[in-house]
Each structure stands twice: as structure tokens, then as C-alpha cells.
Amino acid sequence: MKTSRTSPIRTLARRTFANRASAVYLALVGGAMAVAALEPLFANNPDASLIWVWPALFTFPVFGFVAWLGEAGWGGDAPTWFLIGGIVLAALLQSLALGTAWDALRGRRERRGRLTTAS
């Protein structure tokens, strides 16, 4: 007898990347990071680095912990690789949370059944 059970890695990847909520969120964060990376190439003003506030804000609940670690470890002068990696990690963790919530809500709706019109 075969069971159609998916592996935990596949479930994790599906919840992180392969649903609408996660895909929209990751596209938003990825777009903000792309704009932030390209902005200093085209801007002449000294405030061009402030554009990195937007990807950090889009990933804020988890990125707050990353910023706290950077403050504790480097005293407010955390390296760029740490902050960008923190944004990526925060986006992936929040995408997983969104995907899990999406699956839970979709599963509840499917368990409830389809509504039909009365005859």
C-alpha cells in the first residue's frame, strides 16, 4: 500500500516559495532590494544609501532581531554582508510564515466544503 506523503523538505519549500502569498511577498522584497542595489549607481546625492531602509522595513519583525544582533556584535557598525544576509534570511522566514498561514486558511476553507445555491 502506497501513501502519498510528501517529504518535509518539499513541504518547507512549497510553503516558502510556491504559493501566492509567499511569491508576492518575496517579489516585493526582491524588488526593493534590486532598487536599493541599483540606486547608488544612478544617484549623485549622499543620501543614496538610505534606500536600504525599505527592504529592512518590508522584513521588519524578523529583521529587528538581526539588527539587534548586529548592534550587539559590532556595536552599530555591522558589515554590509551581515545586514543584506539578514534581510534575505528575514524575508525567507517571513515567507515561510505567510505560506504556512496561507495553507492553514486554504485548508480550513476546503474542509468547510463548497457552498452551493439552494434549489
Side-chain angles (χ1 to χ4, degrees):
M1 184 168 146
K2 266 188 176 179
T3 60
S4 62
R5 193 176 157 162
T6 60
S7 71
I9 299 295
R10 185 175 174 139
T11 302
L12 183 71
R14 182 178 47 83
R15 287 184 177 169
T16 304
F17 302 110
N19 60 61
R20 289 180 191 161
S22 295
V24 168
Y25 176 71
L26 288 175
L28 177 73
V29 173
M33 287 185 73
V35 168
L38 293 174
E39 177 69 22
L41 297 175
F42 301 113
N44 296 340
N45 57 358
D47 293 333
S49 65
L50 289 177
I51 194 78
W52 281 99
V53 167
W54 288 104
L57 285 176
F58 289 145
T59 58
F60 180 68
V62 176
F63 185 73
F65 181 70
V66 172
W68 176 78
L69 283 176
E71 180 72 28
W74 285 281
D77 196 21
T80 305
W81 64 265
F82 181 79
L83 295 175
I84 292 174
I87 290 172
V88 170
L89 180 66
L92 290 174
L93 287 174
Q94 290 182 173
S95 176
L96 174 64
L98 279 171
T100 302
W102 179 267
D103 279 352
L105 291 173
R106 198 179 79 202
R108 183 179 300 162
R109 187 176 64 206
E110 287 176 0
R111 282 192 302 271
R112 201 170 47 193
R114 301 259 182 223
L115 296 177
T116 59
T117 58
S119 308

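Bear in mind that the values here come from a model prediction, so they are computed numbers and not experimental data. The chain is numbered in sequence order, starting from 1.
For the side-chain hydrogen bond (donor to acceptor under 3.5 Å, both in side chains) test, residues two or more places apart in sequence or in another chain that qualify with Ser22 are Asn19, Ser95. Gln94 is linked by a side-chain hydrogen bond (donor to acceptor under 3.5 Å, both in side chains) to Tyr25, counting only residues two or more places apart in sequence or in another chain.
In this structure, Val66 and Gly86 approach most closely via the heavy-atom pair CG1-CA, 3.6 Å.
Note on Phe65 and Ile84: same hydrophobic cluster, where clusters join Ile, Leu, Val, Met, Phe, Trp and Tyr whose side-chain heavy atoms are under 4.5 Å apart, directly or indirectly. Put simply, Phe60 and Leu98 are part of two different groups of oily side chains (I, L, V, M, F, W, Y) that touch within less than 4.5 Å, one to the next. Follow the hydrophobic side-chain contacts under 4.5 Å out from Leu26 and you never reach Leu96; the two are in separate clusters. Put simply, Leu89 and Trp54 are part of two different groups of oily side chains (I, L, V, M, F, W, Y) that touch within less than 4.5 Å, one to the next. A continuous path of Ile, Leu, Val, Met, Phe, Trp and Tyr side chains, each step under 4.5 Å between heavy atoms, connects Trp52 with Leu28, placing both in one hydrophobic cluster.
Note that CG of Leu50 and CD of Glu39 are 10.5 Å apart. Values are rounded to the nearest 0.5 Å. Summarising the geometry, atom OG1 belonging to Thr16 is positioned 4.5 Å from atom CG belonging to Leu12; distances are rounded to the nearest 0.5 Å. Residue Ile51 holds its CD1 atom at 12.5 Å from CE of Met33, rounded to the nearest 0.5 Å.
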Compile the donor-acceptor pairs under 3.5 Å between side chains in residues 69-77 and protein atoms, sequence neighbours left out, one pair per line.
none

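At most 12 non-hydrogen atoms from other residues, nucleotides or ligands lie less than 6.0 angstrom from CD1 of Ile9. By the 6.0 Å contact criterion, CZ on Arg10 is open, its count of non-hydrogen atoms from other residues, nucleotides or ligands being 12 or less.
Thr59 pairs in a side-chain contact (heavy atoms from CB on, under 4.5 Å) with only one of the listed residues (Ile87, Leu92, Val88, Leu93), which is Ile87.
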